[in-house]
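Comments concern the structure below.
All values reported here derive from a predicted model rather than from experimental measurement. We number each residue from 1, following the sequence as shown. Any value given below was found using the heavy atoms of this structure, including those in side chains, with hydrogens, waters and symmetry copies removed.
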Amino acid sequence: TPQPTAQLKELLVDELTTVTKGTTYDNLSNLANNFKRAVISKYEGTRLGRQELNAEVLVDVVGALWARGMIEKIRVRVLPDMVRVVVAIDPPVTSGSKADECGLVVAGLGADGRGYVLDDKSSAGLSPKEWAAKAIDAYHLHNADRIIAEVNNGGELVEAVIRQIDETVSYTAVHASRGKVTRAEPISALYEQSRVSHVGTFATLEDRMCAFTVGFDRKSMGYSPDRVDALVWALTNLMLAKPNKIQIRTL
């Protein structure tokens with residue numbers, strides 16, 4: 001897979017260019033078992049694996065709050081004991097094919113004091129009952145301590161939908177009083193300080209993180225950064241939350 005040089009990036013966006021890809025997995029039948037063990041098992045689930053095994057051209061965005069190298073250097077596969085685990089939701093206002101994604105990220109605080117991103121269950125086109133069910137499934141699967149939901153748009157309806165499915169979950173509503181970028185910057189700093197690790201690879205989440213800039217414009221990008229917002233809410237609750245900085249109602 002070629003490196004994302006300036007010339008390659010220009011070529012990729014040229015309307016006269018046709019891009020054809022072939023992944024390592026398309027050629028598995030022709031590969032020796034030793035190669036599979038030595039190469040695929042080593043690089044699968046890493047940034048280099050996405051590039052060399054999956055044939056992805058990975059490009060960092062100038063001015064983004066996260067860089068791929070920043071995430072890659074502290075990626076892990078083995079977890080310490082978890083002190084707390086939370087499921088964070090940034091629910092969409094509407095549902096259907098044209099609706100924003102529902103950001104849904106699971107993160108934990110390790111016994112070593114570091115944050116760990118455990119799962120990304122974000123998805124588009126979900127009804128309120130569907131994203132609530134996914135959040136509750138993640139809550140039980142990861143033995144989470146709490147579901148955290150941003151309620152700027154949904155208000156008490158967010159909690160009501162969740163409790164219709166499972167009234168026993170621990171739930172916290174958070175209200176955003178600052179913009180997405182302002183909330184994200186302290187979390188970006190935690191990554192820079194190597195205080196957060198991704199457990200495995202979350203390709204779409206990481207792509208969105210590495211495209212999230214101070215001047216992010218959802219209209220020109222074609223999506224709302226809801227996955228990133230859910231990540232920020234989860235890690236803020238685990239590592240940075242203070243009563244005078246975040247409005248929280250806990251049940």
Side-chain angles (χ1 to χ4, degrees), residues 47 50 56 58-75 85-94 99-109 114-126 131 134-135 138 147-154 158 172-241 245-246:
R47 179 184 185 277
R50 289 183 64 190
E56 297 184 39
L58 303 176
V59 181
D60 282 327
V61 175
V62 176
L65 270 65
W66 287 270
R68 296 183 188 279
M70 178 197 305
I71 298 170
E72 185 62 32
K73 72 178 182 181
I74 50 178
R75 194 187 306 280
V85 174
V86 299
V87 178
I89 316 171
D90 184 11
V93 179
T94 59
D100 290 336
E101 285 185 321
C102 174
L104 205 168
V105 172
V106 185
L109 180 66
R114 302 180 69 255
Y116 292 87
V117 179
L118 306 175
D119 208 348
D120 174 26
K121 295 293 187 182
S122 306
S123 185
L126 300 179
W131 56 250
K134 287 191 74 169
I147 291 178
I148 300 162
E150 181 181 318
V151 297
N152 281 45
N153 296 311
V158 174
T172 293
V174 289
H175 186 278
S177 58
R178 301 176 296 168
K180 293 180 184 292
V181 172
T182 304
R183 296 197 303 274
E185 286 177 326
I187 302 303
S188 171
L190 293 178
Y191 279 79
E192 291 179 330
Q193 297 162 3
S194 298
R195 294 176 59 192
V196 179
S197 287
H198 289 197
V199 186
T201 299
F202 309 106
T204 304
L205 172 62
E206 291 170 15
D207 287 345
R208 298 288 170 83
M209 293 168 67
C210 295
F212 189 67
T213 64
V214 172
F216 183 90
D217 179 65
R218 60 174 292 169
K219 185 175 181 180
S220 63
M221 295 299 289
Y223 62 87
S224 178
D226 300 298
R227 290 178 193 250
V228 177
D229 217 22
L231 171 86
V232 167
W233 281 121
L235 291 174
T236 297
N237 181 275
L238 291 168
M239 304 181 74
L240 298 178
K245 292 291 184 69
I246 267 185

Minimum side-chain heavy-atom gap Pro186-Met239 below 4.5 Å: no
So, does Ser197 use its side chain to make a donor-acceptor pair with the main chain of Ile74 at under 3.5 Å? yes
Any donor-acceptor N/O pair, Ser188 side chain to Ala184 backbone, under 3.5 Å: no
Heavy-atom check, side chain of Asp226 versus side chain of Lys180, under 4.5 Å: yes
Check: Ile187 and Leu240 side chains under 4.5 Å, non-hydrogen atoms: yes
Sub-4.5 Å side-chain heavy-atom contact between Phe212 and Leu231: no
Nearest heavy-atom neighbours spanning Ala230 and Ala88: O-CB, 3.2 Å
Criterion salt bridge (Lys or Arg N to Asp or Glu O under 4.0 Å) on Asp120 and Arg208, from CA distance to verdict: CA-CA 12 Å; Asp120 174 26; Arg208 298 288 170 83; over 6 Å; no
Do Val214 and Glu185 come close enough that some side-chain heavy atom pair is under 4.5 Å? yes
Please tell me if the side chains of Val174 and Asn237 come closer than 4.5 Å, counting only heavy atoms from C-beta onward. no
Would you say the side chain of Trp66 lies within less than 4.5 Å of the side chain of Glu206, judging by non-hydrogen atoms? no
I want to check a possible cation-pi pair here: Arg114 against Tyr116, using under 6.0 Å from ring centre and within 45° of the ring axis as the test. yes
Would you name the heavy atoms of Ala67 and Cys210 that are closest together and state the gap between them? C-SG, 3.7 Å
What closest approach, in Å, do Val158 and Ala149 show between heavy atoms, and which atom pair accounts for it? CG1-CB, 3.6 Å
Between Ala135 and Leu104, which heavy-atom pair has the shortest distance, and what is it? N-CD1, 3.6 Å
Distance (rounded to the nearest 0.5 Å) between Ile71 CD1 and Phe202 CZ: 11.0 Å
